[in-house]
Amino acid sequence: MTEFNLTNGQAIELTKDGILIRGNRIEIEGNVTVIKDDKHANIMEQDDEGTKISIVNIDDEPKPIELKPMEPKPISYGRLAALEAKLSTAITEIDKLKTTIKAERALTDQKITDAVIKWTVNGK
């Protein structure tokens, strides 16, 4: 199937079996002539600006998709052990960051509490 946009902005689809009109309406009024065979369409459009002739190839053959099976690659014990070590290190680093964030949050909370008490005591 091949899509072709007419000069008036409307689209038609060309197949070896026929012409499909896209949308709910198309205005032809003797200004558009489509002659086609199984492989080509000749589209002539006439308007106030002149005549436009287009020759369009009709591509009804679906493009084959070639899927190649993927074979899993075996992971050696050494490679698996190295990956586990990296994962363990990453988890440890994340835990350290969580502890640091909690400590910084507690320190910030304490500073806010001290400031509120100081403000309350001083009346400012």
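Along the sequence shown, residues are numbered consecutively beginning with 1.
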Around atom CG of Leu97, are there more than 12 heavy atoms of other residues, nucleotides or ligands at under 6.0 Å?
yes
CD1-CZ distance between Ile101 and Arg105, expressed to the nearest 0.5 angstrom
7.5 Å
Distance, nearest 0.5 Å, that separates CG of Leu107 from CD1 of Ile112
10.0 Å
With a 3.5 Å distance limit and no angle check, can you tell me whether Thr89 reaches the backbone of Ala85 through a side-chain donor-acceptor pair?
yes
Can you tell me how far apart CD1 (Ile53) and CD (Gln46) are? Round to the nearest 0.5 Å.
8.5 Å
Can you tell me how far OG1 of Thr100 sits from NZ of Lys102, rounded to the nearest 0.5 angstrom?
11.0 Å
Could you give the distance from CD (Gln110) to OG1 (Thr113), rounded to the nearest 0.5 Å?
5.5 Å
Nearest 0.5 Å, what's the CZ-CG distance between Arg79 and Leu83?
4.5 Å
